[in-house]
A.B. asks: 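There's a structure below that I have some questions on.
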Amino acid sequence: MTRVAGLALRFWPVTLTIAVGLAGIILAFLGASWLVPWLFSAYSLAVAGWQAVGMVRAMLRREFGLDILAVTAIVSTVLVGEYIAALLVVLMLTGGEALEAYANQRAKRELDALLSRAPQLAHLAVERGYRDLPVSEVNVGDVLLVRPSEIVPVDGVLLSAETTFDESSITGESIPVEKHAGDAVLSGVVNGEAAVEIRATETAAGSQYQQIVALVARAAESKAPVVRLADRYAVPFTIFALALGAVAWSLSGDPVRFAEVLVLATPCPLLIAAPVAFIGGMSRAARNGIIVKSGGVLEQLSAAKTVVFDKTGTLTHGAPAFAGVRSEPPFTADEVLTLVGSVEQYSSHVLAASMIAAAQDRGLPLHEAEDAREAATNGVVARVLGREVVVGKFAFVAEHAPDARRTKIGPGQLAVYVAIDGAYAGALMASDPLRANARATLQRLEALGVRQSMMLTGDAVQTAQHVASELGITRVRAECLPADKVAEVAGLAERPVIMVGDGVNDAPVLAAADVGIAMGAKGATAASESADAVILVDDISRVAVGVGIGRDTVRIALQSIWLGIAISVVLMLIAAFGFIPAVAGAIIQELVDLATILAALRAVGGRLDNRDSAVTASQRGRTVAETKH
């Protein structure tokens with residue numbers, strides 16, 4: 001009973017309409033039938049006036065929708081004495097809102113699941129055990145207990161020896177992931193069978209799961225452009241309905257025909273189909289590890305003509321491994337690596353850690369720099385042991401050492417050049433292998449209609465060309481600064497353009513593209529915030545999955561819209577010849593609403609998309625292994 005009462009209060013217009021209908025039935029039984037037409041007509045006209053006010057406000061905002069049909073249908077049925085039909089039209093309109101709310105709830109269940117699972121409490125380690133505190137009060141460095149089958153409250157580092165985590169809510173992968181001491185742990189994942197301790201590396205606000213929740217909340221509140229596209233059908237549909245009703249009235253001489261036609265022209269199918277389909281598509285994307293920030297993004301994805309990729313961390317794994325030193329006489333390999341390792345302590349470049357580790361593995365001492373400055377995306381200049389050391393891209397190093405020359409690199413390799421005291425000292429080699437499913441993803445995108453591909457990278461020309469040739473990408477721009485990437489994307493003619501990146505330096509171009517997709521599994525908060533969609537798992541094939549979901553969603557939305565229009569037009573033509581009374585027409589229109597909702601709900605899809613379309617079975621196995629790594 002409590003649930004029924006809650007539903008009655010939530011959908012009070014439906015409740016009030018039913019109450020008016022029951023009051024009319026009671027009056028008829030009590031012998032006061034003459035009051036029923038007045039009651040039904042007055043209530044229906046009041047609702048029509050309420051709808052008319054909203055219609056006028058929309059028109060003042062230059063938004064022309066389908067409200068005029070609903071208002072006209074109610075008024076016309078009252079004027080011709082079809083007061084029961086008028087009340088049924090009101091019930092149809094108010095009931096349509098209830099049906100839409102139910103459909104939206106069904107379509108949003110994956111989005112709602114993320115919101116409802118947000119961790120609320122953490123178990124803080126204290127001297128004599130643990131105490132509970134709100135997750136918002138956790139500080140960086142706190143040691144927390146995570147009990148078996150409990151959700152990790154904040155991002156952290158595992159302190160216990162080992163455990164397994166269920167990351168399906170974050171990444172979409174159903175296979176538990178093994179973690180060992182020192183491994184990073186994301187908030188929102190579910191601990192395995194053993195209690196473990198983690199050390200917080202982020203506060204709740206900065207943790208992965210809370211950022212996802214913020215994106216989901218923003219996505220759930222969005223309205224898709226195709227909803228406005230449905231409104232654009234309103235003008236021709238309204239003109240057709242009014243004209244058909246007028247012709248039926250004129251030829252028959254009976255004004256009831258006009259009312260009968262308009263009862264079947266009520267706009268619920270158009271108003272319901274698009275929102276339900278797009279929320280369903282966003283829900284389907286979330287289930288597949290892709291947070292889409294608005295329904296409009298799905299429409300852009302469905303029409304995309306060009307895809308642009310960053311290289312490092314997107315087409316490659318983004319964790320290059322040190323592969324050797326090619327020193328230039330009179331400098332020795334150990335001398336170069338010692339100085340480079342010392343300098344890279346002051347760099348934020350992705351290669352810095354591997355260079356430092358390589359020097360330490362060889363037992364080489366690392367020295368403090370007397371002075372160090374980093375030129376964003378280009379390199380580092382530092383003074384170590386009284387010597388000026390320049391480390392970075394070829395062009396940057398060549399400015400300090402005119403005798404610098406490029407070294408030969410192979411597929412998947414890259415070179416970091418070094419100058420010491422104005423002389424070319426050699427290059428350090430690193431290898432950043434391509435993702436196993438990168439080529440298959442590009443092929444799948446081409447099959448989906450995204451026929452133009454391009455790569456933008458800050459790396460050297462040789463490195464970029466090697467990667468592009470391996471993947472079949474013909475358009476390449478290397479040694480790009482963030483501003484260069486924005487200019488390149490802005491100049492592309494084949495639009496809409498998808499830009500896929502992962503780093504902070506990709507944030508401007510992700511915001512500038514028609515659809516920016518951030519590979520957000522490793523963080524990159526700036527990139528995720530500026531992007532239109534965020535892939536939560538380290539799997540590039542989800543780009544193709546997202547495009548496929550966008551195409552399916554738009555197709556289903558338009559199919560549902562046209563289904564509602566087609567059925568309504570057929571019924572209106574039948575009513576024009578007097579074969580559908582107004583009361584029966586109002587009831588039939590409810591069935592049209594239901595058919596439209598069911599058609600739009602197809603956008604939700606099945607349990608999980610089959611990613612074999614983008615990745616072969618053997619590649620998928622490697623992808624899972626990469627994700628676990």
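Only this structure's heavy atoms are used, side chains among them; waters, hydrogens and symmetry mates stay out.
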A.B. asks: Hey, is CD on Q443 packed in by over 12 heavy atoms from elsewhere, all under 6.0 Å?
C.D. replies: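 Result for CD/Q443: enclosed.
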A.B. asks: Any side-chain heavy atom of V500 within less than 4.5 Å of one from V307?
C.D. replies: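 They are in side-chain contact.
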A.B. asks: Any ring pair (Phe, Tyr, Trp, His ring centres under 6.0 Å) pairs touching residues 417-455, not counting sequence neighbours?
C.D. replies: F394-Y417
A.B. asks: May I ask you to test the M499-I517 pair for a side-chain heavy-atom distance under 4.5 Å?
C.D. replies: no
A.B. asks: Taking the side chain as every heavy atom from C-beta outward, state whether I498 and V547 have any atom pair closer than 4.5 Å.
C.D. replies: yes
A.B. asks: Restricting to side-chain contact (heavy atoms from CB on, under 4.5 Å), what partner residues turn up for A425, sequence neighbours left out?
C.D. replies: F331, V336, V418, I420
A.B. asks: I'd like to check the side-chain contact (heavy atoms from CB on, under 4.5 Å) partners of R383; sequence neighbours left out, ordered by chain and number.
C.D. replies: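 Testing R383 for side-chain contact (heavy atoms from CB on, under 4.5 Å), a comparison that skips the adjacent residues, returns E370, E388.
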A.B. asks: Taking C-beta and beyond as the side chain, do T407 and M429 meet within less than 4.5 Å on heavy atoms?
C.D. replies: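 In contact.
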A.B. asks: Could you list the residues that satisfy salt bridge (charged side-chain N to carboxylate O under 4.0 Å, His left out) with E150, not counting sequence neighbours?
C.D. replies: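 Testing E150 for salt bridge (charged side-chain N to carboxylate O under 4.0 Å, His left out), a comparison that skips the adjacent residues, returns none.
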A.B. asks: Suppose we screen for side chain to side chain donor-acceptor pair (under 3.5 Å). Which residues come up paired with D514, at least two apart in sequence or across chains?
C.D. replies: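 Per chain and number, D514 pairs via side chain to side chain donor-acceptor pair (under 3.5 Å) with R495.
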A.B. asks: Just verifying a value: how many Å separate I549 CD1 and N288 CG, rounded to the nearest 0.5 Å?
C.D. replies: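 Going from the CD1 atom of I549 to the CG atom of N288 covers 4.5 Å.
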A.B. asks: Residues two or more places apart in sequence or in another chain: which of them pass side chain to side chain donor-acceptor pair (under 3.5 Å) with S342?
C.D. replies: none
A.B. asks: Do I356 and L366 make a side-chain contact, defined as non-hydrogen atoms from C-beta onward lying under 4.5 Å apart?
C.D. replies: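 Yes, close enough: below the 4.5 Å cut-off.
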A.B. asks: Taking NZ, NE, NH1 and NH2 as the nitrogens, is one of them in R435 or D538 under 4.0 Å from a carboxylate oxygen of the other?
C.D. replies: yes
A.B. asks: Check whether the side chains of T332 and D334 place a donor and an acceptor atom closer than 3.5 Å, and report yes or no.
C.D. replies: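 No, because no side-chain N or O of T332 sits under 3.5 Å from a partner of the opposite role on D334.
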A.B. asks: Identify, with sequence neighbours excluded, every residue that meets side chain to side chain donor-acceptor pair (under 3.5 Å) alongside R405.
C.D. replies: E328
A.B. asks: Considering residues at least two apart in sequence or located in another chain, which fulfil the side-chain contact (heavy atoms from CB on, under 4.5 Å) criterion with A181?
C.D. replies: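 A181 satisfies side-chain contact (heavy atoms from CB on, under 4.5 Å) with no residue once adjacent residues are dropped.
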A.B. asks: Could you measure the distance from the CD atom of E470 to the CG atom of L434? Nearest 0.5 Å is fine.
C.D. replies: 6.0 Å
A.B. asks: Does any part of the side chain of R387, heavy atoms only, come nearer than 4.5 Å to the side chain of L339, both counted from C-beta?
C.D. replies: yes
A.B. asks: With sequence neighbours left out, what residues match F322 under ring-ring contact (aromatic ring centres under 6.0 Å, His included)?
C.D. replies: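 Per chain and number, F322 pairs via ring-ring contact (aromatic ring centres under 6.0 Å, His included) with no residue.
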A.B. asks: Considering only heavy atoms from C-beta outward, does the side chain of L145 approach that of V196 to under 4.5 Å?
C.D. replies: no
A.B. asks: Please tabulate, one pair per line, all N/O donor-acceptor pairs under 3.5 Å involving side-chain atoms of residues 131-139, not counting sequence neighbours.
C.D. replies:
{"unit_1": "D132", "atom_1": "OD1", "unit_2": "H123", "atom_2": "ND1", "d": "2.5"}

A.B. asks: What residues form a side-chain contact (heavy atoms from CB on, under 4.5 Å) with Q465, not counting sequence neighbours?
C.D. replies: V461, V476
A.B. asks: State, without any angle test, whether T163 and N191 hold a side-chain donor-acceptor pair at a distance under 3.5 Å.
C.D. replies: yes
A.B. asks: When you compare the side chain of R477 with that of M455, does any pair of heavy atoms fall below 4.5 Å?
C.D. replies: no
A.B. asks: Thinking salt bridges, do R199 and D142 make one under a 4.0 Å N-O criterion?
C.D. replies: no
A.B. asks: Is the closest side-chain donor-acceptor distance between D155 and S187 under 3.5 Å?
C.D. replies: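 Yes, side-chain donor-acceptor contact under 3.5 Å.
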A.B. asks: Taking only residues two or more places apart in sequence, or in another chain, which ones meet E197 in a side chain to side chain donor-acceptor pair (under 3.5 Å)?
C.D. replies: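 Scan of E197 (side chain to side chain donor-acceptor pair (under 3.5 Å), adjacent residues dropped) gives Y130.
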